[in-house]
Amino acid sequence: MAQAATTDTAAATPEEGAAPARRPSRFWRKVRWQALNVFAGLVLLYLFIPISVIILFSFNEPAGKFNLTWNKFSLDAWKHPFGAPGIESAVKLSIEIAFLSTIFATVLGTLAALALARYNFRGRSATNFAVFTPMATPEIVMGSALLTLFITTQTPTLGFATILIAHIMFNISYVIVTVKARVYGPDRRLEEAAMDLFANEWKTFRKVTLPLIMPGVGAAAALCFALSIDDFVVTQFNSGAEITFPLYIYGASRNGVPVQVNVIGSLIFLIGVGGMFLNLMIQNRRAKRDAAASAGAVRRAQAAEGTA
Amino acid sequence: MNWLKKRPAYPLLLPGMLWLAIFFFIPMAVMLYKSLETVTVDLNYQQHFTFDWNFSNYTDNISQYKSQFARSFLYAAIATVAAFLIAYPLAYVIAFRGGRWKNLLLLLVIAPFFTNYLIRTLAWQTILADNSVVTSTLDAMHLLSITDALGWTQQSRLLATPLAVVSAITYNYLAFMVLPLYVSLEKIDQRLLEASLDLYANRVKAFMKVTFPLSLPGVFAGTLLTFIPATGDYINAEILGSPQTRMIGNVIQSKFLIFNDYPAASALSFTLMAIMLVFIAIYAKLLGTEEVTTV
C-alpha cells in the first residue's frame, strides 16, 4: 500500500511540474481526441460503401445486361434468387465444398494443434514452420503448384474432389493456428485430475479436453467455412469444369452479372453478420451470468465466514 | 497415468501434416521440376513436356515480365502502407476507447468481408464508373487532373487506372491489417501507458516510445498478411485495371489456364514464391520479430 502511494506521487510530480509549459490547451487536446474518433468512424463508413452498393443494386432492374447503373426499383431478383441459369448449382456446390472441407480441416487441424500445443517433440519447430508456410504463400502460387501436381500425376478429371482437396489444404493451417491459441490456455491439471477419476483417455478427451477447447474449434470451423465459400483463386486453378459461386460471378462479370448475384451476396452477408451478432449476444449474456454467479458465491462465502 | 506427456505427438500430427505434405509441399517440388521442363508441340498439336534443366524458362520469363513483377510489388507496397495508415487509428480507437463496444466494433470491421471478394470488387467497378458520383465529384473538385498529372489516372477517369487497382487492393485486404493491429494494441497493459504519459509528458512522444513499439508484432503480422496476398492478386487488376496495370498474377494465371504453358508459368510462380520468402526473412530480421511462426 505504502509503496504504491509513493510511486504515485513520485510519478505525478514531474508531470505536474512540466504541465503548464509543454501541454497544449484543453481545447486542442479535445479536438485531437475527437479527430481520431471521427477518423475511425469515417473508416468504418468507408468499409460499408461497397456493401451498401451491393445491397442497393440487388433491388435494381438494370436497363441492359450490366447491373452497373441504377435504373428502376424492383423486387424480382429477391423473389427469385435462383432465377439466373446456373446460379443454383453453383451456390449448392459452394456450400457442399465449404461444409465438407470445414469438417475435414477442423478435425485434422485440431488434432495437430493439440499435438503442437501439448507435446515437446523432435521436429516441433520445423512443424510450426511447415504450418506457417502455406499462410505465407500467395494463393496463386498455392493453387498453381497443386495444379502442376494434378497435371503431372495425370489426375483424370479436375472437379469436385480436387476442389475439396485444395480447400482442406489451405484451411488446415488456419485451424491449427486458431485452436493452438486456445489449447495453450486451459489448465492441464484438469485433464490429469480427470484421468485419475475416469482412467480412460477417450473419456477424458470427450468430457474435459474437448469442452475446454470447443470455443477455439468453433471459431476455426467458422473461419474455414468463410474462407472456403469465398475462395476464388485456388479454386479457379483446380476446378476443371465445375463452377462454384465465386467462379460463377467471375464468369458472369465479363458479360453482365445477374442481379441475383447481388441478392445471394447480400444474403450471405446478412446470415454471416447475423450469426456473429447472435454469438456476441450469447457471449455477453453468459459473461454477465458468470459474473453474477461468482458474485453470489463470494457473498455466500462471506456470509458463511460471518456465521463461523 | 500421464498420457499427455508419455504418448508421442506424432499420431495426432500425422493426418494433418500428411495432407499438407502431399497437397502443399510436394506440389511445390513438382512445380519446381515442371519449371525446368521444355514444351514441344507435335504435328497433332499435342504438347509434350521433357525435363532437361531448362533454366531459360527462368531467365527468359523474368526478363520478359520484369515490369509486371515490379508493378506487383509496387502496387502491393503502396496498398499495404495505405491500409496501415487507415487501419492503425481504427484499431487504436477500438482497442483503447472501445470500452464495452469493442466486440461490436470489431464485428463491424469484419462484417463487410462476409460478402464475396468478387462481388465487392465488382461493387467498386460501379462506384468508380465513369459517370458515378465519386468520379464526377472528384472531377468537379479538379482532383482528377492532379492524379492525371501524377500518372495515377488517365483522361480524368478512375476505372482502368492504377489508382482504382491500388485502392481496391487496399480495401479488399483491410481486415487483415486491422485485426492483428487490434490484437497487439489490445494486449498492451494500460498501466504502461499511464507510466509512459508520466514519463514523457507528451502524448505523441509517449505513443512513439511505448505504444507503437509494443504494437510492432501486430504491425509485422498485419503488413505481411496484406502484402503477401496483395502481391499475388490478379482479380483487382483484371476487373478494375487495364492492360497497363497487369500484375504478375495476371501473367501466371493466363499462362497456366489459357495458354497451358506450364513450364513458363511454373517458373514465374516459383520466382514469386522465392522472392516472397526472401522478403519475409529480411522483414522478420528488420523488425526483430522472432516468433514469425506463431503469429
Side-chain angles (χ1 to χ4, degrees), chain A residues 11 15 18 22 36-37 39-40 43-44 47-48 50-51 53-54 68 108-109 111-112 114-115 118-119 121 127-130 132 134 136-141 144-149 151-152 165 168-169 172 188 191 195 201 230 232 246 249-250 253 257 261 265 268-269 272-273 276-277 280, chain B residues 1 3-4 8-9 12-13 15-17 19-20 23-24 26-28 30-31 34 86 89-90 93 103-104 107-109 111-112 114-120 122-127 129 174 198 201-202 228-229 231-232 234-235 239 249 252-253 256 262 265-266 269 272-273 276 280 292-293:
Chain A
E15 192 209 14
R22 282 192 216 161
L36 206 54
N37 291 354
F39 183 82
V43 173
L44 277 181
L47 280 171
F48 278 90
I51 310 307
V53 169
I54 292 163
L68 287 175
L108 297 181
L111 294 177
L114 281 171
R118 290 279 155 100
Y119 298 95
F121 54 90
T127 313
N128 268 324
F129 188 75
F132 170 74
T137 307
E139 266 203 289
I140 190 166
V141 175
S144 57
L146 193 56
L147 175 63
T148 59
L149 176 81
I151 293 166
T152 310
I165 284 172
I168 296 171
M169 181 267 290
I172 284 181
R188 191 184 286 192
E191 284 166 340
M195 288 297 292
E201 287 175 15
D230 201 41
F232 173 73
I249 303 167
Y250 179 77
S253 71
V257 179
V261 165
I268 295 176
F269 169 76
V273 175
M276 272 178 49
F277 189 72
L280 196 70
Chain B
M1 184 194 90
W3 63 286
L4 290 170
L12 289 174
L13 276 176
M17 289 303 125
W19 201 280
L20 280 189
F23 298 118
F24 180 79
I26 292 178
M28 285 291 172
V30 172
M31 190 165 77
K34 195 118 211 126
I86 295 170
L90 178 63
V93 168
N103 285 333
L104 188 71
L107 188 134
L108 285 178
V109 172
F114 271 92
T115 51
N116 182 273
Y117 189 91
L118 285 150
I119 306 185
R120 262 183 279 143
L122 287 168
W124 279 111
Q125 206 178 30
T126 307
I127 298 166
L174 205 58
D198 292 344
N202 173 336
I228 294 169
T231 313
Y234 58 92
I235 315 239
I239 292 180
I252 297 174
Q253 189 254 9
F256 258 114
Y262 301 126
S266 298
S269 192
L272 177 63
M273 182 71 199
M276 206 57 95
I280 295 172
V292 189
T293 55

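Chain naming here is simple, since letters A, B, ... match the order of the sequence lines and numbering starts at 1 in each. Small disclaimer: the values here were computed from a predicted structure and weren't measured. In what follows, every heavy atom counts, from backbone to side chain, and hydrogens, waters and symmetry copies are set aside.
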Any side-chain heavy-atom pair from [X] and [Y] closer than 4.5 angstrom?
{"X": "B:Leu13", "Y": "A:Phe121", "answer": "yes"}
{"X": "A:Leu147", "Y": "B:Met31", "answer": "no"}
{"X": "B:Met276", "Y": "A:Pro138", "answer": "yes"}
{"X": "A:Leu44", "Y": "B:Val109", "answer": "yes"}

Exercise for the section: Return yes when atom CZ of A:Phe277 has more than 12 non-hydrogen atoms of other residues, nucleotides or ligands closer than 6.0 Å, and no otherwise. Expected result: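 Open: at most 12 neighbouring heavy atoms sit under 6.0 Å from CZ of A:Phe277.
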
Non-hydrogen atoms of chain B under 4.5 Å away: do they reach the side chain of [X], the backbone, both or neither?
{"X": "A:Ile168", "value": "both"}
{"X": "A:Val261", "value": "both"}
{"X": "A:Ile165", "value": "both"}
{"X": "A:Phe232", "value": "side chain"}
{"X": "A:Leu146", "value": "both"}

Atom of [X], atom of [Y] and distance for their closest heavy-atom approach:
{"X": "A:Leu36", "Y": "B:Pro89", "answer": "CD1-CB, 3.9 Å"}
{"X": "B:Thr115", "Y": "A:Gly265", "answer": "CG2-O, 3.9 Å"}
{"X": "A:Ala40", "Y": "B:Leu90", "answer": "O-CD1, 3.5 Å"}
{"X": "B:Pro27", "Y": "A:Ala145", "answer": "CB-O, 3.4 Å"}
{"X": "B:Trp19", "Y": "A:Met169", "answer": "NE1-N, 3.6 Å"}
{"X": "A:Ser144", "Y": "B:Ser269", "answer": "OG-OG, 2.8 Å"}

For the [atom1] atom of [X] and the [atom2] atom of [Y], what is their distance to the nearest 0.5 Å?
{"X": "A:Leu108", "Y": "B:Leu12", "atom1": "CG", "atom2": "CG", "answer": "11.5 Å"}
{"X": "B:Thr126", "Y": "A:Ile54", "atom1": "OG1", "atom2": "CD1", "answer": "9.0 Å"}
{"X": "A:Thr148", "Y": "B:Ile26", "atom1": "OG1", "atom2": "CD1", "answer": "11.5 Å"}
{"X": "B:Asn116", "Y": "A:Ile249", "atom1": "CG", "atom2": "CD1", "answer": "4.0 Å"}
{"X": "B:Leu20", "Y": "A:Thr127", "atom1": "CG", "atom2": "OG1", "answer": "10.5 Å"}
{"X": "B:Met273", "Y": "A:Ile140", "atom1": "CE", "atom2": "CD1", "answer": "13.0 Å"}

Please determine, among [options], the option with the most heavy-atom pairs under 4.5 Å with chain A.
{"options": "B:Leu104, B:Leu174, B:Leu272, B:Leu108", "result": "B:Leu108"}
{"options": "B:Leu118, B:Thr231, B:Ile252", "result": "B:Leu118"}
{"options": "B:Gly232, B:Ala111, B:Pro15", "result": "B:Ala111"}

Exercise for the section: Apply side chain to side chain contact (heavy atoms under 4.5 Å, CB included) to A:Ser253 and B:Leu122, showing your working. Expected result: CA-CA 8 Å; A:Ser253 71; B:Leu122 287 168; 3.9 Å; yes

Under a 4.5 Å cutoff for heavy-atom pairs, which residue among [options] has the most contacts with chain B?
{"options": "A:Val257, A:Val273, A:Thr137, A:Thr152", "result": "A:Thr137"}
{"options": "A:Ile51, A:Leu114, A:Val141", "result": "A:Val141"}
{"options": "A:Gly109, A:Pro134, A:Pro246, A:Ala112", "result": "A:Pro134"}

What part of [X] gets within 4.5 angstrom of chain A, counting heavy atoms only: side chain, backbone, both, or neither?
{"X": "B:Met28", "answer": "both"}
{"X": "B:Tyr262", "answer": "side chain"}
{"X": "B:Ile86", "answer": "both"}

Exercise for the section: Examine distances only and state if a side-chain atom of A:Asp230 and a backbone atom of B:Tyr117 form a donor-acceptor pair shorter than 3.5 Å. Expected result: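 At least one qualifying donor-acceptor pair exists.
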
